Every structure is written in C-alpha cells, then in structure tokens.
Amino acid sequence: MTVALRPYDRDRDADGLYDCKLAFERGLGANTGGDDKAAAYEGKLTQDYRERWLAWVDRCVADDERCVTVAVAEGGDGEGDGPRADGGGVVGYVFVLPERLSMIWDAAVINELYVAPAHRGAGVADDLLAAAVDLAGDQSLPLDRIVLDVDPANERARAFYDRHGFESWGEMVARPVDLD
C-alpha cells in the first residue's frame, strides 16, 4: 500500500485526522507518564474537545493550507488504523503552527507529528517531517529553527528527531492551573 502526502482537507479528512489525533493523545498519555497522565489525557478527549480542536485546525489551515499535511493510504481495505473501504484514509499527519504564531517560540513550531503504527518504519514520518521543514523554510521567523516538545520518556520519538538533527533546546516545565 502506498502513502501520499497532501494538505489537509476538512471535508475529506476531518474524521481520519481526528482518529489520528486520538491515537496521538492516547499514546502520549499511556506511554510517557503513568496512569495519572493517561487518565488526564483520556479525560480531555470529549466531543467538545474534538469540535474545538478541529475548529483550531481550520483557523491554522486558513492561514496556510500546509500547516496540516496528512499522509493518506492509497488502496486501503478499511481494516485497522486509518485506511477506509473506499481506498484511502489518513494514517498520519504533521501540524505546524502558522507563521503568525511563530513568536510563541521565536521559531517554527511543530505542534504534532503522528504516524499510525502499521505505517511506521516505511519513511512516512520522514516525509511528513520534510514537509514541516519545507514550510518552516518559507516562514519569516525570528530564529531560523524549527522546534517541538518531545517527552523525554518517548525514546522512539527522541531517536527519530536525533536522527534528523534536532538537539535539546531548553526544557519545558509545567504546573496545574487552578480552575477554582
């Protein structure tokens, strides 16, 4: 089965993109932080979150259609993690914030990169990352770099980004926001 990259199209790709987003979030929760993190990540995945996240994707794509590039399986059989019975399906994506948000990190920002397990090791992630780097090269940035947050416990992701020349650049810290 071949995989092609193209800009995200809400009419064709919203369900498949969100299925990948769910897998991305559940993987972060389950694989990099124990039961509490898994429960927190799972707890946010509501219908309201889905609608808000897809609306945010739409706003980013309105700035630049390349902000979300999807990997689509061609000739899928409708089984498993992405391909649909009609011959295609989203099996991965890269989400780069639009240029107007580059001031968040003074650089291009990869918000998320995900490839379904059945398509890992076939170069899909390499191709998605290349699309992200190409987009970053077209952005007018305060710093000529592309950044993303990788959980230190995610050894597979760390090895992938190391292989592509990414280096540690600071460290994120976090604390809960009191909602009382």
Side-chain angles (χ1 to χ4, degrees), residues 1-35 37-47 49-54 56-58 60-61 65-97 108-136 146-166:
M1 178 181 328
T2 61
V3 175
L5 301 188
R6 62 172 166 74
Y8 166 76
D9 177 290
R10 176 156 182 126
D11 293 334
R12 293 191 299 183
D13 302 325
D15 289 339
L17 178 66
Y18 194 70
D19 287 346
C20 286
K21 170 66 171 172
L22 288 174
F24 174 84
E25 293 288 345
R26 289 177 174 141
L28 287 177
N31 299 323
T32 62
D35 292 341
K37 186 175 180 184
Y41 276 64
E42 186 65 35
K44 78 177 186 177
L45 300 176
T46 64
Q47 182 63 28
Y49 180 83
R50 178 188 193 279
E51 292 169 12
R52 289 177 54 212
W53 187 79
L54 287 172
W56 182 55
V57 167
D58 289 344
C60 290
V61 169
E65 72 173 359
R66 298 175 304 155
C67 285
V68 178
T69 298
V70 293
V72 179
E74 298 174 336
D77 61 5
E79 300 297 322
D81 50 7
R84 299 182 314 254
D86 66 357
V90 177
V91 298
Y93 68 98
V94 64
F95 186 169
V96 178
L97 296 183
V109 178
I110 297 176
N111 188 53
E112 297 163 354
L113 190 151
Y114 174 80
V115 176
H119 297 275
R120 292 179 185 163
V124 177
D126 298 316
D127 294 343
L128 287 167
L129 183 59
V133 171
D134 287 347
L135 173 57
I146 188 166
V147 299
L148 71 150
D149 176 31
V150 179
D151 192 307
N154 190 337
E155 293 176 11
R156 182 180 179 98
R158 292 292 312 206
F160 172 77
Y161 292 113
D162 288 349
R163 184 167 51 86
H164 284 279
F166 284 74

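Only a predicted model underlies this, so the values are computations on that prediction, with no experimental measurement involved.
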query = Is there a side-chain contact (heavy atoms from CB on, under 4.5 Å) between W53 and L17 once you walk through the steps?
reply = CA-CA 11 Å; W53 187 79; L17 178 66; 3.8 Å; yes
query = What is the distance from atom CG of L129 to atom NE2 of H164, rounded to the nearest 0.5 Å?
reply = 5.5 Å
query = At what distance, to the nearest 0.5 angstrom, does CZ of F160 lie from CG of N154?
reply = 11.5 Å
request  = List for me each residue that meets ring pair (Phe, Tyr, Trp, His ring centres under 6.0 Å) alongside F95, sequence neighbours excluded, and say none if there are none.
outcome  = W56
key: Donor-acceptor side-chain pairing of E112 and Y93 below 3.5 angstrom   = yes
request  = With sequence neighbours excluded, tell me which residues meet salt bridge (Lys or Arg N to Asp or Glu O under 4.0 Å) with E155.
outcome  = none
task = Using salt bridge (Lys or Arg N to Asp or Glu O under 4.0 Å) as the criterion, list what pairs up with R52, not counting sequence neighbours.
result = none
task = Could you go through the side-chain contact (heavy atoms from CB on, under 4.5 Å) check for Y8 and T69 one step at a time?
result = CA-CA 5 Å; Y8 166 76; T69 298; over 6 Å; no
inquiry  = Given N111, which partner from the list L97, V94, V96 fulfils the side chain to side chain contact (heavy atoms under 4.5 Å, CB included) test?
reply    = L97
query = D126 and R163: salt bridge (charged side-chain N to carboxylate O under 4.0 Å, His left out), yes or no, with the steps?
reply = CA-CA 10 Å; D126 298 316; R163 184 167 51 86; 3.2 Å; yes
key: Where C20 and V91 come nearest, the two heavy atoms and their spacing   = SG-C, 3.9 Å
query = R6 and D13: salt bridge (charged side-chain N to carboxylate O under 4.0 Å, His left out), yes or no, with the steps?
reply = CA-CA 11 Å; R6 62 172 166 74; D13 302 325; 2.5 Å; yes
inquiry  = L45 vs R50, test: side-chain contact (heavy atoms from CB on, under 4.5 Å). Steps then yes/no.
reply    = CA-CA 7 Å; L45 300 176; R50 178 188 193 279; over 6 Å; no
query = Where the side chain of R120 meets the backbone of V115, is there a donor-acceptor pair that is under 3.5 Å apart?
reply = yes
